[in-house]
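Okay, structure first, notes after.
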Amino acid sequence: MKGVDYLIKTTQAKIAIKDFLTVLFGCLLYSFSFVAFFQSNNLAMGGFTGISQIINHFLPVLPIGTLVFIMNLPLLILGFKKEGFKLLLTSFFSIFLTSAIIDALTLMFKFPKTDNFLACIFGSILLGISLGVLMKKSATTGGTELLARLVKHKIKKLSIGRVCFVIDIAVIFFYALFFKKLDSALYGIIAIYISNMALDSIVYGASTGKLAYIISDKSDEITKGLLQLGMGVTILDGKSGFKNKDMGIIICALKKNKIYSMKKLVASIDPDKAFVIVCEAKEVFGEGFGDYTGIGF
């Protein structure tokens, strides 16, 4: 039993170290993308980081990272009361690291100003990747996301994503108002969109796919062909409203590179009467797709 206990503790320690290094990488990437691309080019950014940019401009003695941490403290206290110790621990750790690294990079390096468009594109991509990495480890940089989660406790119908978006846009609007830089605000809106796309690709990338509904009189033949191509299928009992006739409805979850093979097979078996609907599947878990590790965030 001692050997088993030791093995369990060793495994848990390795997982904890791996999680720590992953969160550290996410915080480093987030801080670098902000300092190197947004701050150095005076581009607007949403959330508490954007508010800190505005305050820092008028009160340079207060570093941006420190301001972000200070503004998050009340939310961390409220978050502890609403969502427990785990949220407080992971959020405090990632917020503290991000804030400290932002201030350290600002003091240690003078990043050159680059083309605003390139800075917006590459900065927002790295920003989205960093947020995705942190989200997969149940960590957060705080700010609007943490505020939105707390607001949702009061107003259940609110979408966290929409609350974050509204706050980010409002911060960017005030940035443009204070600094009279409309182009900077427009770049900030583009950055929000691109970073959200990059975030989704990290969080959902491995588990996205397509969902095909295939309705045909020759469903048995099509099913056999799909199975031979290595595609999993589910058969539902259906009824044609037009013909008032029972028929099988094939549901097939497949990756994007398999769509052409599926359509070619259906066309070869029932080219005139088969009815095919292909939809986006945001998340697909199971054999051949993403596993269930880390879904709990």
Side-chain angles (χ1 to χ4, degrees), residues 121 124-125 127-129 131-133 135-138 145 148-149 152 155-166 168-169 189-297:
I121 298 297
S124 53
I125 289 173
L127 192 71
I129 292 173
L131 292 172
V133 168
M135 187 175 290
K136 291 194 77 169
K137 292 301 176 183
S138 300
E145 182 192 344
R149 290 174 67 169
K152 190 172 174 63
I155 309 174
K156 302 293 184 182
K157 293 182 179 180
L158 280 180
S159 162
I160 290 179
R162 289 180 181 177
V163 173
C164 290
F165 181 77
V166 169
D168 287 340
I169 293 296
I189 294 171
I190 294 172
I192 291 174
Y193 180 77
I194 295 174
S195 62
N196 283 336
M197 288 180 62
L199 187 153
D200 283 348
S201 69
I202 294 297
V203 176
Y204 303 116
S207 57
T208 55
K210 296 284 187 177
L211 188 63
Y213 296 87
I214 305 169
I215 305 165
S216 171
D217 292 332
K218 300 179 181 179
S219 57
D220 291 339
E221 294 176 53
I222 294 173
T223 298
K224 184 179 179 181
L226 291 173
L227 292 173
Q228 288 175 348
L229 290 173
M231 302 180 193
V233 298
T234 300
I235 310 296
L236 300 180
D237 292 329
K239 189 171 185 177
S240 170
F242 180 70
K243 296 180 181 179
N244 194 28
K245 176 184 176 182
D246 293 333
M247 60 172 56
I249 300 173
I250 303 168
I251 299 179
C252 180
L254 63 163
K255 293 188 175 180
K256 294 179 181 179
N257 60 352
K258 298 288 186 181
I259 295 173
Y260 174 76
S261 299
M262 179 273 295
K263 292 196 291 186
K264 186 177 179 180
L265 173 73
V266 174
S268 66
I269 295 173
D270 191 4
D272 299 320
K273 297 182 179 179
F275 193 71
V276 181
I277 305 170
V278 181
C279 310
E280 290 286 345
K282 190 71 174 179
E283 294 183 80
V284 185
F285 297 103
E287 186 176 353
F289 290 89
D291 58 31
Y292 292 86
T293 305
I295 291 176
F297 63 78

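- Using a 4.5 Å heavy-atom threshold, the side chains of I235 and I251 count as separate.
- S261 and L229 make their closest contact through O-CD1, 4.2 Å (heavy atoms, listed as atom of the first residue, atom of the second, distance).
- Screening I215, D220, V266, L226 against I250 for a side-chain contact (heavy atoms from CB on, under 4.5 Å) leaves a single residue, L226.
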Worksheet item: So Y213 and C279, side-chain contact (heavy atoms from CB on, under 4.5 Å) or not? Walk me through it.
Response: CA-CA 8 Å; Y213 296 87; C279 310; 4.1 Å; yes
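- Side-chain contact between V278 and L211 is absent, with no heavy atoms from C-beta onward closer than 4.5 Å.
- Taking OG of S268 as the reference point, atom CD of E221 lies at 9.5 Å (rounded to 0.5 Å).
- Rounding to the nearest 0.5 Å places CD1 of I194 at 10.5 Å from CG of N196.
- The shortest heavy-atom contact between S124 and A191 is CB-O, 3.4 Å.
- For the atom pair CG of L265 and CE of M231, the computed distance is 7.5 Å after rounding to the nearest 0.5 Å.
- Shortest non-hydrogen contact noted between L254 and C252 is CD2-O, 3.2 Å.
- L131 CG to S195 OG: the interatomic distance, rounded to the nearest 0.5 Å, is 6.5 Å.
- Counting heavy atoms from C-beta outward, I214 and M262 have side chains that approach closer than 4.5 Å.
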